[in-house]
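First the structure, in the form of structure tokens, and then the observations on it.
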Amino acid sequence: MSKKPRLRFAPSPTGGLHLGGVRTVLYNYLFAKRHGGTFVLRIEDTDQARYVDGAEQYILDCLQWCGLEPDESPFNPGPYGPYRQSERKEKGIYREYADRLVKEGHAYYAFDSPEQLEEMRSRYSTPENPSPQYNHTLRGKMRNSLSLDAEETASLLAGGTPYVIRIRVDPGQEVCLNDMIRGEIRFSTSGLDDKVLLKADGMPTYHLAVVVDDYLMEITHAFRGEEWLPSAPVHVLLWKALFGEQHMPKWAHLPLILKPDGNGKLSKRDGDRLGFPVFALNWTDPKGELTKGFREIGFLPGAFLNMLAMLGWNDGSGQELFTLQELIEKFSMERVHKGGAKFDFEKAKWFNHEWIKWSTADALAPLVKPLFVEKGIAIPEGERFTQVLGLIKERCTLLTDFVQQGAFFFTFPANPDLASIQAKWNEAKQLFFAELIRQYELLPEWEADRLEADFKQMAAAAEIKPGDLLQPLRIMLVGGKYGPGVFAIAAWLGRQETIHRIRHVMGLLRP
RNA sequence: GAUCUGUUCGUCUAAAGGCCAGGACCCGGGACUUUCAAUCCCGGAAUAUGGGUUCGAUUCCCAUACAGAUCACCA
């Protein structure tokens with residue numbers, strides 16, 4: 001790489017950050033870091049109608065949670081600011097380039113009202129061509145500085161008639177785009193339309209803004225979703241007209257993330273319908289409707305990123321578990337897929353489970369603690385708590401599972417599952433546990449192996465299969481048929497609590 | 001409808017002309033065991049179709065089929 005790469009993520013602050021968006025961030029970030037480059041966050045807030053308060057902070061929170069923090073952003077500006085397009089517009093940046101395009105004949109003024117545009121679309125719409133475009137064939141029939149004479153245009157302009165600036169695309173030329181993932185893609189300009197570049201409110205559209213800002217911010221590589229491919233030739237045309245193609249960033253259009261069932265882009269609705277999140281973090285829309293995020297349902301950020309990275313990329317070795325650091329070291333655009341990938345929530349959970357197993361109890365503790373607190377469960381400080389996490393982490397797929405799996409350590413089992421032992425409960429067992437309590441009370445040391453050894457010895461003496469006694473003991477200590485080894489549990493609970501729990505359930509059972 | 005992009009087990013994918021198409025998720029079975037997990041073993045399942053090119057095609061070419069994206073003063 002000749003110079004330090006500069007990459008950007010350029011979301012519009014309109015709502016929750018989607019899985020696909022996070023993956024776009026990730027690939028941009030990985031590539032930047034892989035090559036010692038810079039990762040910038042630029043806010044594309046040019047659509048004031050869709051702007052949502054708080055969405056910008058939300059995006060930053062997502063990046064922070066993921067650990068994909070930008071080197072330059074509206075919150076920590078670098079030398080290429082401002083980093084919000086609305087602020088850039090205030091400085092007249094886009095206007096200047098739009099005017100230049102008009103002056104040089106690459107763009108023109110269009111005075112058509114929304115009604116007139118609608119009228120045009122319905123008038124020229126046919127079964128063969130359901131979406132007529134504002135292009136070289138139709139622009140002569142519309143009200144613009146190409147169809148009107150200069151005098152009329154000037155008076156319209158002087159009279160304050162609302163107008164937009166549209167790119168002038170001449171037919172019959174070929175635009176070639178060299179995509180890092182897909183190779184050479186050719187478009188004929190005949191199929192392109194005269195896209196609006198500058199809106200009537202003076203704001204640029206995405207097309208103008210992305211080109212101008214990528215140039216001004218010296219972006220070297222631009223990775224974005226595949227849905228942008230159809231408008232890529234317009235951007236190439238703009239680059240040629242404004243700054244020269246040789247300065248254009250290298251493009252890559254990332255494959256789409258598809259819905260698990262059927263086909264098509266994964267949407268928030270699919271998540272609601274199928275019962276999984278599609279946003280990174282909880283998102284509350286302006287109407288107050290909450291959409292769950294991966295963080296809140298109990299994902300580790302590392303697992304989330306790991307899963308996303310593998311949706312469309314692999315290093316060819318068969319390795320599936322990667323830390324962010326490893327991804328940075330191994331990531332390469334050459335190995336990014338062309339085809340879209342269906343999102344599989346089961347596999348996503350598998351990644352998280354692996355990450356939890358792999359995490360230390362100490363690392364998990366601060367993440368899990370609030371979950372217990374939330375449920376009103378008082379937890380001990382320090383080692384006592386992490387010991388429990390160590391005991392149960394391998395059976396937790398989501399962080400939230402820890403509460404379910406671990407609550408009985410800290411709270412007395414209120415409703416023990418008597419049904420599963422009552423049927424086989426008898427005098428002999430009653431006697432056994434009474435004796436067990438006596439024995440345990442006298443035990444010099446309270447430690448799992450010793451507890452187990454004594455238990456088995458006594459079972460043998462009583463001529464009852466240990467298995468028939470362990471089930472009741474588990475219900476007594478845990479309350480249900482789950483959890484780690486019973487003697488490890490007893491050891492952790494301590495003598496007093498263990499005996500208390502045994503006694504309590506014995507009182508509930510009738511031989 | 002037009003333009004563009006895709007297509008290997010149900011899903012994510014490996015094999016960048018050449019060992020029985022490999023791994024993972026998932027599902028089924030077994031082992032272990034003290035429940036549930038974890039772990040280990042075994043099994044299930046794929047190159048969309050048709051033509052070429054080649055001694056040999058998952059891989060290269062063409063056609064067909066299917067799927068997707070886009071077609072706003074939204075990004």
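The basis for the numbers below is simple: all heavy atoms, side chains too, and nothing from hydrogens, waters or symmetry mates. Being a predicted model, the structure only gives us computed values, none of them experimental. Letters go in sequence order (proteins before strands), and every chain restarts at 1.
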A15(B) -> Watson-Crick or G-U wobble partner, both distances under 3.5 Å, gives none
Rounding to 0.5 Å, atoms CD1 (I421(A)) and NZ (K481(A)) come to a distance of 10.5 Å
Return the nearest nucleotide to the side chain of F487(A); candidates are U34(B), G68(B), A75(B). U34(B)
Check the angle between the aromatic planes of F432(A) and F455(A) and answer parallel, tilted or perpendicular using the 30° and 60° thresholds. perpendicular
Is there a side-chain contact between K199(A) and the phosphate of C74(B), meaning an N or O under 4.0 Å from OP1 or OP2? yes
Would you say CD of Q457(A) has more than 12 non-hydrogen atoms from neighbouring residues, nucleotides or ligands within 6.0 angstrom? no
Pairwise C1' distance for A38(B) and U5(B), with rounding to whole Å: 43 Å
Is R42(A) near enough to A75(B) that one of its side-chain N or O atoms lies under 4.0 angstrom from OP1 or OP2? no
Would you say the ring centroid of Y206(A) lies under 6.0 angstrom from that of W228(A)? yes
CG on L509(A) to CE on M476(A), rounded to 0.5 Å: 6.0 Å
With both distances under 3.5 Å as the test, what is the Watson-Crick or G-U wobble partner of C71(B)? G1(B)
Which nucleotide wins on minimum distance to the side chain of R182(A), given the candidates C73(B), U34(B), U5(B)? U5(B)
Select from A10(A) and G264(A) the residue whose nearest nucleotide in RNA chain B is closer to the 5' end of that strand. G264(A)
Could you tell me whether E394(A) contacts a base, only the sugar-phosphate backbone, or nothing, with contacts defined as non-hydrogen atoms closer than 4.0 Å? base
If A63(B) has a Watson-Crick or G-U wobble mate with both distances under 3.5 Å, name it; if not, just say none. U49(B)
H353(A) vs U39(B): side-chain N/O to OP1/OP2 distance below 4.0 Å: no
With sugar-phosphate meaning primed atoms plus P, OP1 and OP2, does S190(A) contact a base, only sugar-phosphate, or nothing at under 4.0 Å between heavy atoms? nothing
Can you tell me if the side-chain N/O atoms of R50(A) get under 4.0 Å from OP1 or OP2 in A75(B)? no
Quantified in whole Å, what is the C1' atom distance between nucleotide C42(B) and nucleotide U47(B)? 25 Å
K349(A) side chain N/O closer than 4.0 Å to the phosphate oxygens (OP1, OP2) of C26(B)? no
Between T14(A) and C74(B), is there a contact of a side-chain N or O with OP1 or OP2 at under 4.0 Å? no
P gap between G29(B) and C9(B), integer Å: 25 Å
Give a yes/no on whether any side-chain N or O of N129(A) is located under 4.0 angstrom from OP1 or OP2 of A2(B). no
In whole angstrom, give me the gap between the P atoms of A65(B) and A21(B). 31 Å
Any side-chain N or O of K265(A) less than 4.0 Å from the OP1 or OP2 oxygen of U70(B)? yes
What's the gap between C26(B) and A37(B) when it is taken at their P atoms, as a whole Å value? 12 Å
K259(A) vs A67(B): side-chain N/O to OP1/OP2 distance below 4.0 Å: no
Under 4.0 angstrom, heavy atoms only, what part of the nucleic acid is P484(A) near: base, sugar-phosphate, or nothing? base
May I ask which nucleotide in the shown strands pairs with U33(B), Watson-Crick or G-U wobble, both distances under 3.5 Å? none
Just checking Y27(A) against F223(A), ring centres under 6.0 Å apart? no
Among the candidates C25(B), U35(B), A75(B), find the nucleotide nearest to the side-chain atoms of W228(A). A75(B)
Within 45 degrees of the axis of the six-membered ring of W350(A) and under 6.0 Å from its centre: does K347(A) put its NZ or CZ there? yes
Answer yes or no: side-chain N or O of K195(A) and base N or O of A72(B) forming a donor-acceptor pair under 3.5 Å. no
Taking C27(B) as the reference, what is the distance to U34(B) when you measure between their P atoms (whole Å, please)? 25 Å
Rounding to the closest angstrom, what is the interatomic distance between A48(B) and C74(B) at atom P? 42 Å
Distance check, C1' atoms only: U13(B) and U7(B), in whole angstrom units. 14 Å
